[in-house]
Protein chains: 2
Amino acid sequence: MYKIAFDDFFNYSFSLDSVIFGFRNGEINVLLIKRALEPFKNMWAIPGDLVYPDEDLSNAAERILFELTKLNNVELHQAQTFGHPKRHPQGRVITSAYFALVRIEEFHVEASSWAEEVKWVPVHEVPELAFDHNLILNSTFELLKKKLTYEPICFDLLPKRFTLNEMQQLFEYAFGVEMDKANFRKKIRPIPLISHDEKQMNVKHRPAKLFSFNSESYEELTAKESYQFKM
Amino acid sequence: MYKIAFDDFFNYSFSLDSVIFGFRNGEINVLLIKRALEPFKNMWAIPGDLVYPDEDLSNAAERILFELTKLNNVELHQAQTFGHPKRHPQGRVITSAYFALVRIEEFHVEASSWAEEVKWVPVHEVPELAFDHNLILNSTFELLKKKLTYEPICFDLLPKRFTLNEMQQLFEYAFGVEMDKANFRKKIRPIPLISHDEKQMNVKHRPAKLFSFNSESYEELTAKESYQFKM
DNA sequence: GTAAATATTGTTATTTATACAATAACTAAT
DNA sequence: ATTAGTTATTGTATAAATAACAATATTTAC
């Protein structure tokens, strides 16, 4: 492969780190791995690794995530890029963060390759992480919060069928606020939901009705130009 | 400097491209340079170049922008990163887009280094650009539009003192819609503006009053937690 | 059946958005 | 100076969204 004038300019390395969010017990969780390698051996980290020379970024993000956690078939979105010259102790490694939203209960995760362990941790209880991963996580969580307000991505975190209270809890956890139940329901009225006959099971009180997101109807609405998802 | 196991992983190059937006005659413009170098010699492009090995990204973005256009002291924000393996014909070059908002009339731009020419072009009239720069420009303009709705960045594009109509035109151009003058003024009432005694000059009709953004007051408001800029 | 717990709907007042009309202030020509 | 033309600015009426809080309904556990 022909190269630009100075070899010095081809002395970089490029990695991808994937912040995987999931929702469980009213909390937004993030998937962490325990590093079995130096540097930062035995510390928790966001799953990530180096990109192969001929690999497209989104493919690489999928591959790396699968190698480390066996997580597969998730839709990854790009977030911020971090390139401080000293962020990696072993060389100039620039990294792009990716993020995905998953239904925890639908996916199997399993430590693999140089990941010694994997676990879900509530976003607000994340420990000190390797490299600048706390910075990466925080900036990506901020991005998630922004997107929650103008795209219907909360439904990627919620179970396929969810109660309106679960949906409310998700927003309450993300933004650290309490909301009025009645008003929350009015606010989400423009969002196309399918109301099922089915109800919540195994709860010690009146079970709530289950809903699901009507994505077909949502597509029609957005095509019509006047509709805008808003939370 | 010690390096990670395989040299193959240090075979990348990293560049930064800065999309500079300015507002003039009711149109949002973008700053382009004409390339004096292969590849894509003589084509218009977004100003950008390779990052030095020990340089932080935001510093590098500033340096590169200055080298090519003499534009200085602008606040650069990171946008998306592009890394398709074939996006650069001469090697694996991953690039991050940055963007800045400037008052065209306050800054001097001048072609320099390997930029043969510089010019401002209305965003909706941009020609075919070098590399994947049309893609970069479009994605960055989308980001700008989003930010215009939840951050008071329109005031970085408008003259220090502006008329309410100029402000309205900026949003009309960005979103491609026409707005009602009376309602626009009501909508922006929560935004802290300073109303000056000064008026528009050299117009063939009743001159409009000049306003400026009250950033001190805005800082106080946002500190108070309940306020949120919204357009 | 009754208490406890939560789900769901309703009522009212307040604020915000939308459409359109009316008035005010300036320029330029007569 | 008067007047027409042009744009700035304010007002009015209606509909829609938001917010606070009250009331009712449905289920479980005993």
- Item | Lys/Arg N to Asp/Glu carboxylate O, K146(B) vs E142(B), below 4.0 Å | no
- Item | Lys/Arg-Asp/Glu bridge criterion (N-O < 4.0 Å) met for E110(B), K70(B) |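 So E110(B) does not pair with K70(B) through a salt bridge.
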Mind calculating the distance between [atom1] ([X]) and [atom2] ([N]) to the nearest angstrom?
| X | N | atom1 | atom2 | result |
| --- | --- | --- | --- | --- |
| N183(A) | dA16(D) | CG | P | 19 Å |
| N165(A) | dT26(D) | CG | P | 17 Å |
| E178(A) | dA19(D) | CD | P | 15 Å |
| M201(A) | dT27(D) | CE | C1' | 14 Å |
| M167(B) | dT7(D) | CE | P | 21 Å |
| K230(A) | dA17(D) | NZ | P | 8 Å |
| N202(A) | dT27(D) | CG | P | 15 Å |
| I191(A) | dA17(D) | CD1 | C1' | 14 Å |

- Hey, does the side-chain of K186(B) have a donor or acceptor N/O within less than 3.5 Å of a partner on the base of dT12(D)?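 Answer is yes: a donor-acceptor pair is held.
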- Message: Here's a test of your reading of the structure: between F211(A) and P207(B), which maps to the more 5' nucleotide of DNA chain C?
- Response: F211(A)
- Query: Which word best sums up how the rings of F171(B) and F175(B) line up, parallel for under 30°, tilted for 30 to 60°, or perpendicular for over 60°?
  - Reply: parallel
- Query: Does a sphere of radius 6.0 Å around CD in E151(A) hold more than 12 heavy atoms from other residues, nucleotides or ligands, not counting ones at 6.0 Å or beyond?
  - Reply: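 Count over threshold, so yes.
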- Query: Does the R103(B) side chain pair with the main chain of F155(B), one donor and one acceptor, at a distance under 3.5 Å?
  - Reply: yes
- Query: chain B on DNA chain C: first and last contacting nucleotide, 5' to 3', under 4.0 Å to a heavy atom?
  - Reply: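 In short, chain B contacts DNA chain C from dA17(C) to dT27(C).
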- Counting heavy atoms from C-beta on, name the nucleotide in dA8(D), dC21(D), dT26(D) closest to the side chain of R206(B). dA8(D)
- Message: Checking contacts here: which listed nucleotide (dC21(D), dT18(D), dA8(D)) is nearest the side-chain heavy atoms of A182(A)?
- Response: dC21(D)
- Item | Test: K186(B) cationic atom under 6.0 Å from F184(B) six-membered ring centre, within 45° of axis |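 No.
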- For K181(A), report the nucleic acid contact type (base, sugar-phosphate, nothing); a contact means any heavy atom under 4.0 Å.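 The answer is base, as K181(A) lies within the cut-off (heavy atoms under 4.0 Å) of a base atom.
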- Could you pick out which residue, K187(A) or H205(B), lies toward the 5' side of DNA chain D when each is mapped onto its nearest nucleotide?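 Looking at the nearest nucleotide for each, H205(B) comes out on the 5' side.
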- Message: Quick check: F162(B) with F213(B) (ring centres under 6.0 Å apart)?
- Response: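 Not close enough - the centres of the two rings lie 6.0 Å or further apart.
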